[in-house]
Amino acid sequence: MEQWYLWRRWLWLTAFIPAILIFVWPNHRWINLLALIWVAVIGAIYYYVEQRIHKQQLSLTIKSTHKQWISTMNHHRHDWMNDLQVLFGYIRLGKQERITEYVERIKGKMLAESAISKLEEPSLVSYLIGFRTIPSNFILEVSFSSKEDQRSIIIEDEQVSEIIISIISAYRIYAATDMTCDPILRLQFENNKGHLNIHFAFNGSMNNQELWQQKIEQQLNGARSVQIIGALSVEQIDLQITRA
């Protein structure tokens, strides 16, 4: 593909050859016809190769998306198998209270994933649901401040989606490894008087807090609809989104 981009320049440069011939023999009919054919052939080659490259890129994108979702489904299947094993263990031991508690936990996880899918912005939904397939030093927990927010919160702004993904990515890049337990990054969505509030809470530590802060500030600069509430810290980030 890179070779084609290099040859594309030389291909169009050859169009100067018939132009020079026309300049030298301006009234020669066969020269004019040859120049027309020359340019038409160049255009046909260019169009054919560009279409092939476009199809190849589209095919690679589709394959990448399929692989990502297959990986996500495999992680979900693995989680469900673990949940079933835990439930069967409690059933065999006759621990009724633990069974009820664990079922409620599974129910809460299902409701959270259902609410995430209703956020609508495709890249954000895909990123949050598939986060478990991405290598990370922490666990991501997504929640909503109320059941009403689970049903009503919708994100349609791509810039807001990019900011959320970038903040999570900054934590993923700079979060320090904890050998005792996995830190938790909590992401909460909240409707507040016509505004959308987004809260990040992290109970871990950073390898390089300065670079982490620079990355987040860089992403937030120029985002007119996004405002930081309070100070920017590793432990907590509060954003307010002004809806159009």
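Heavy-atom basis, side chains included; hydrogens, waters and symmetry copies ignored.
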- prompt: If you count the non-hydrogen atoms of other residues, nucleotides and ligands that lie under 6.0 Å from CD in Gln218, is the total more than 12?
  reply: no
message: Quick check: is Ile139 connected to Phe144 through a chain of hydrophobic side chains (ILVMFWY, heavy atoms under 4.5 Å apart)?
response: no
message: Using only atom types and a distance under 3.5 Å, with no angle test, would you say the side chain of Asn197 pairs donor to acceptor with the backbone of Gln240?
response: no
task: Count the heavy atoms belonging to other residues, nucleotides or ligands that lie under 6.0 Å from CD of Gln214, then report whether that count exceeds 12.
output: yes
- request: Please name all residues satisfying side-chain contact (heavy atoms from CB on, under 4.5 Å) with Tyr102, sequence neighbours left out, ordered by chain then number.
  value: Asp83, Val86, Leu87, Tyr90, Arg105, Ile106
- prompt: Are Ile241 and Ile229 connected in a single hydrophobic cluster, I mean Ile/Leu/Val/Met/Phe/Trp/Tyr linked by side-chain heavy atoms less than 4.5 Å apart?
  reply: no
- prompt: Any donor and acceptor pair, going by atom type alone, linking the side chain of Ser126 with main-chain N or O of Pro122 inside 3.5 Å?
  reply: no
- prompt: Do Ile164 and Val234 belong to the same hydrophobic cluster, where Ile, Leu, Val, Met, Phe, Trp and Tyr are linked whenever their side-chain heavy atoms lie under 4.5 Å apart, directly or via other members?
  reply: yes
message: Within the structure provided, determine whether Phe189 and Ser145 are in side-chain contact (heavy-atom separation under 4.5 Å).
response: no
message: List the residues meeting ring pair (Phe, Tyr, Trp, His ring centres under 6.0 Å) with Tyr171, not counting sequence neighbours, and say none if there are none.
response: Phe202, Trp212
message: Quick check on Glu210: does its CD atom have over 12 non-hydrogen neighbours (other residues, nucleotides or ligands) under 6.0 Å away?
response: no
query: So, His199 versus Gln236: side-chain donor-acceptor pair below 3.5 Å or not?
result: no
- prompt: Hey, does the side chain of Ser117 reach the backbone of Ser114 with a donor-acceptor pair shorter than 3.5 angstrom?
  reply: yes
field: Any side-chain heavy-atom pair of Glu217 and Leu232 under 4.5 Å
entry: yes
- prompt: Any side-chain heavy atom of Phe200 within less than 4.5 Å of one from Asp238?
  reply: no
query: If you measure from CG on Leu84 to CD1 on Ile91, what distance do you get to the nearest 0.5 Å?
result: 9.0 Å
message: What I want to check is whether the side chains of Gln213 and Gln209 have a donor and an acceptor closer together than 3.5 Å.
response: no
Donor + acceptor pair across side chains of Glu121, Ser123 (<3.5 Å): yes
query: side chain to side chain contact (heavy atoms under 4.5 Å, CB included) between Tyr127 and Ile168: does it pass, once the steps are laid out?
result: CA-CA 10 Å; Tyr127 184 83; Ile168 297 173; 3.6 Å; yes
query: When rounded to the nearest 0.5 angstrom, what distance separates CE in Met206 from CD in Glu235?
result: 9.0 Å
message: Rounded at 0.5 Å granularity, tell me how far NZ in Lys215 sits from OG in Ser166.
response: 6.0 Å
message: Taking Asp157's backbone N and O only, do any of them form a donor-acceptor pair with Ser161's side chain (distance below 3.5 Å, no angle check)?
response: no
- prompt: Side chains of Leu187 and Leu128: does their closest heavy-atom pair fall under 4.5 Å?
  reply: yes
task: With the side chain counted from C-beta on, respond yes when Leu119 and Ile154 share a heavy-atom pair under 4.5 Å apart, and no when they do not.
output: no
Joint cluster assignment, Ile99 & Phe88, ILVMFWY side-chain distance < 4.5 Å: yes
statement: Between the CD1 atom in Ile228 and the CD1 atom in Ile216, the distance rounded to the nearest 0.5 Å is 8.5 Å
query: So, Asn208 side chain and Leu211 main chain: donor-acceptor pair closer than 3.5 Å or not?
result: yes
- request: Ignoring hydrogens and angles, tell me if any N or O in the side chain of Asn191 forms a donor-acceptor pair with the backbone of Leu196 under 3.5 Å.
  value: no
Approximate separation, where rounding is to 0.5 Å, of Ile198 CD1 and Ile167 CD1: 7.5 Å
message: A quick test of your reading: do over 12 heavy atoms of other residues, nucleotides or ligands sit less than 6.0 Å from CZ of Arg98?
response: no
message: If I take atom CD1 from residue Ile116 and atom CD1 from residue Ile129, how far apart are they, to the nearest 0.5 angstrom?
response: 6.0 Å
